[in-house]
Amino acid sequence: MKKLIFVFILLALFSTGISAQDITGSWFGVLEIQYTKLRLVVNIEKTEGGYSSTIDSPDQGAKGIPATSTRFENSALNFVIANIGAEFTGKLTKEKTFVGEFTQGGAVIPLTLSRNEVAAPLRPQEPKPPFPYYSEYVTFENSDAKATLAGTLTLPKKDGIYPVVVLISGSGPQNRDEELFGHKPFLVLADHLTRNGIGVLRFDDRGVGESRGDFGKATSEDFATDVESAVNYLTTRKDVNKTKIGLIGHSEGGIIAPMVAAKSKDVAFIVLLAGTGIAGDELLLLQKKLIEKDSGVKDADIQSGQTLFKGAYEIIKKEKNSNELKAKLKTYFIDKKISEKDSSAIISQLSSVWMRFFIRYDPSFILSKVKIPVFALNGEKDLQVPAEVNLMAIEKALRKGGNNEVTIKEFPNLNHLFQESKSGSPSEYAQIEQTFSPVVLSEISNWIIKQTK
């Protein structure tokens, strides 16, 4: 009898231990990458076969990213996100935290997950309701792409007829606020413009937020058709001045805006925020060089990387067949003594439909076809789209096409997001409290007001 009681007690203690390891719910952590801190939220649910999870990256505006697999065995948690090549493995401690490593693209980053929510960084410019203007949730169709796009239209007042601009986000899946690194630059920009008498339509990229469609198979040309659909939608509204519809594109959006403007007679003006004027392969090499130099990479290693990727880009520019391209890139990287693991990750990125288009694309041809007023502006410390070379190329292409309504401006001490910054490095984006330089906001609104008088 005593032996049975002893076994019963052990079973009870064992059961208590199991129940104490209830891992369902939300876990919070911070990824520190090159001095940048990105909040991460892991949401775990119990299923019949074990567990499932989704991951949020609040500072990048990403929510509900599904994990390919989620396992919890012997106090160890593992989840894999195959579509971005990421994985986490961590051990549950006595303090009820998972201590482990997050790996992606060859990088290994320490990560601790706990039940304590991580406070959002200060963003003093972010507007809060109630707003002194009219705001409406809208949807419109890109029928050719079978995409329903959702967004927000803000107007100075509910009644009236107003000039309206469409905001076009940069590369990567972005929501209507272009939310990234804890900032919402398009929310700040839209708020400023609307308070100054200019209506704004901003929308979630296809396949992001409340918009439907396939983001993964789209190129800049495909996204341009989404913007065309936005412009077409605005022309159907009685509260929009159909002769004063403009586009504001940031980064990749600065490639897309000229595509639409060169084709649509309904676009009256465009603003290019850190838009590109040079070919994609040239831009990527310059961007890589400047960011690596800022990060302290040795000159010899920088030059080696330039040579390596220049060769890869040349293959991409020549080979149009997707399967042949991957095979040639694999052979190329083997010859360059790049490990199979590293080359697989690089080839996966370089062979995507978006990247292939971007590397091959030279924006100068389309820019020469734009005949409407253009305001191109950039930050002096932009390391992603360097100001001087791109602004010069944009102006040259526009004027070559006979466009004399061109305004070019470079702003000192501003980075790619138009924040006041020390170095311009992407590693600073999340740490800077400012979302959008007030000086640039005023420059944009003043220029648009002149175009719409």
Check your understanding: Distance only, no hydrogens: is a donor on one side chain within 3.5 Å (strictly under) of an acceptor on the other, for Ser423 and Ser425?
Key -> no

Practice item. Could you tell me whether the side chain of Trp447 reaches within less than 4.5 Å of the side chain of Val271, counting heavy atoms only? Key: yes

Exercise for review: Could you give me the CA-CA distance, side-chain angles and deciding distance for Glu179 and Gln174, then say whether side chain to side chain contact (heavy atoms under 4.5 Å, CB included) is met?
Suggested key: CA-CA 6 Å; Glu179 190 171 349; Gln174 307 283 348; 5.7 Å; no

Check your understanding: Can a salt bridge be assigned to the pair Arg399 and Glu395 using a cut-off of 4.0 Å between side-chain N and carboxylate O?
Key -> yes

Exercise for review: Check Glu252 against Gly172 and note the closest heavy-atom contact, atom names and distance.
Suggested key: OE1-N, 4.4 Å

Point to revise | Asn390 side chain to Thr276 side chain, donor-acceptor N/O pair below 3.5 angstrom | key: no

Review point. Are a donor atom and an acceptor atom from the side chains of Ser169 and His250 found within less than 3.5 Å of each other?
Key: no

Review point. Counting heavy atoms not belonging to Lys320, are there more than 12 under 6.0 Å from its NZ?
Key: yes

Point to revise | From Asn175 atom CG to Leu180 atom CG, the distance as rounded to the nearest 0.5 Å | key: 9.0 Å

Exercise for review: Return yes if a side-chain donor-acceptor contact under 3.5 Å exists between Tyr134 and Glu136, otherwise no.
Suggested key: yes

Study note, to complete from the structure: Distance col, row Phe79:CZ vs Phe98:CZ, nearest 0.5 angstrom, shows 10.0 Å

**Study point:** Greater than 12 external heavy atoms within 6.0 Å of Glu388's CD
**Key:** no

Check your understanding: Is it true that Asp239 and Arg237 make a salt bridge, defined as a side-chain N closer than 4.0 Å to a carboxylate O?
Key -> yes

Check your understanding: Do NZ/NE/NH1/NH2 and the carboxylate oxygens of Arg123 and Glu433 come within less than 4.0 Å?
Key -> no

Check your understanding: Gln419 and Gln434: side-chain donor and acceptor closer than 3.5 Å?
Key -> no

Review point. Taking all atoms of both residues into account, what is the closest heavy-atom pair of Leu350 and Ala312, and its distance?
Key: CD1-CB, 4.1 Å

**Study point:** Lys242 and Asp266 ion-paired at < 4.0 Å
**Key:** no

Exercise for review: Measure the spacing between CD1 of Ile359 and CD1 of Ile316 and express it to the nearest 0.5 Å.
Suggested key: 3.5 Å

Review point. Going by atom types alone, do Arg212 and Thr148 pair a side-chain donor with an acceptor below 3.5 Å?
Key: no

**Study point:** Minimum heavy-atom distance Ala268-Thr243, with the two atoms named
**Key:** CB-O, 3.4 Å

Point to revise | Atom NZ of Lys288: over 12 foreign heavy atoms under 6.0 Å | key: yes

**Study point:** Ring centres under 6.0 angstrom apart (Phe102, Phe88)
**Key:** no

Check your understanding: Do you know which two heavy atoms are closest between Leu367 and Leu398, and how far apart they sit?
Key -> O-CD2, 3.2 Å

**Study point:** Flag for Asp382-Asn415: side-chain donor and acceptor within less than 3.5 Å
**Key:** no

Check your understanding: Sub-3.5 Å donor-acceptor pair from the side chain of Ser352 to the main-chain atoms of Ser348, do we have one?
Key -> no

Review point. Aromatic rings Phe131 and Tyr133: how do their planes relate, parallel, tilted or perpendicular, breaks at 30° and 60°?
Key: parallel

Review point. Heavy-atom count around Lys244 NZ within 6.0 Å, excluding the residue itself: above 12?
Key: yes

Practice item. Using only heavy-atom distances, determine whether the side chains of Asp56 and Asn43 contain a donor-acceptor pair under 3.5 Å. Key: yes

Review point. Can you find a pair of side-chain heavy atoms, one from Glu228 and one from Tyr233, that are under 4.5 Å apart?
Key: no

**Study point:** Pairwise distance CG(Leu167) to CD(Glu178) - rounded to 0.5 angstrom
**Key:** 8.5 Å

Review point. In this structure, are over 12 heavy atoms from other groups packed under 6.0 Å from Lys371 atom NZ?
Key: yes

Check your understanding: Below 4.5 Å, heavy atoms only, C-beta onward: do Val240 and Ile161 meet side chain to side chain?
Key -> no

**Study point:** Considering all heavy atoms, the nearest Ser211-Arg206 contact
**Key:** CB-CA, 4.1 Å

Check your understanding: Just checking, is any N or O donor in the side chain of Asn232 or Thr235 under 3.5 Å from an acceptor N or O on the other one?
Key -> no

Check your understanding: Have Ser114 and Thr97 got a donor and an acceptor in their side chains that come within less than 3.5 Å?
Key -> no

Check your understanding: Hey, are the side chains of Phe186 and Val200 touching, using non-hydrogen atoms and a 4.5 Å cut-off?
Key -> no

Exercise for review: Verify the ring-centre separation between Phe215 and Phe223: is it less than 6.0 angstrom?
Suggested key: yes

Check your understanding: Given Val164 and Ile198, is the side chain to side chain contact (heavy atoms under 4.5 Å, CB included) satisfied, shown in steps?
Key -> CA-CA 6 Å; Val164 178; Ile198 304 160; over 6 Å; no

Check your understanding: Any chance the side chains of Tyr137 and Glu210 put a donor and an acceptor closer than 3.5 Å?
Key -> yes

Point to revise | Phe140 and Phe203 aromatic ring geometry - parallel, tilted or perpendicular at 30°/60° bounds | key: perpendicular

Practice item. Salt-bridge test for Lys422 and Glu428: reply yes if a basic N is under 4.0 Å from a carboxylate O, no otherwise. Key: no

Review point. Does Thr219 reach the main-chain N or O of Glu221 with its side chain, forming a donor-acceptor pair under 3.5 Å?
Key: yes

Revision key, fill the gap. Between Ser171 and Trp354 the two heavy atoms that sit nearest each other are CB-CZ2, 3.8 Å

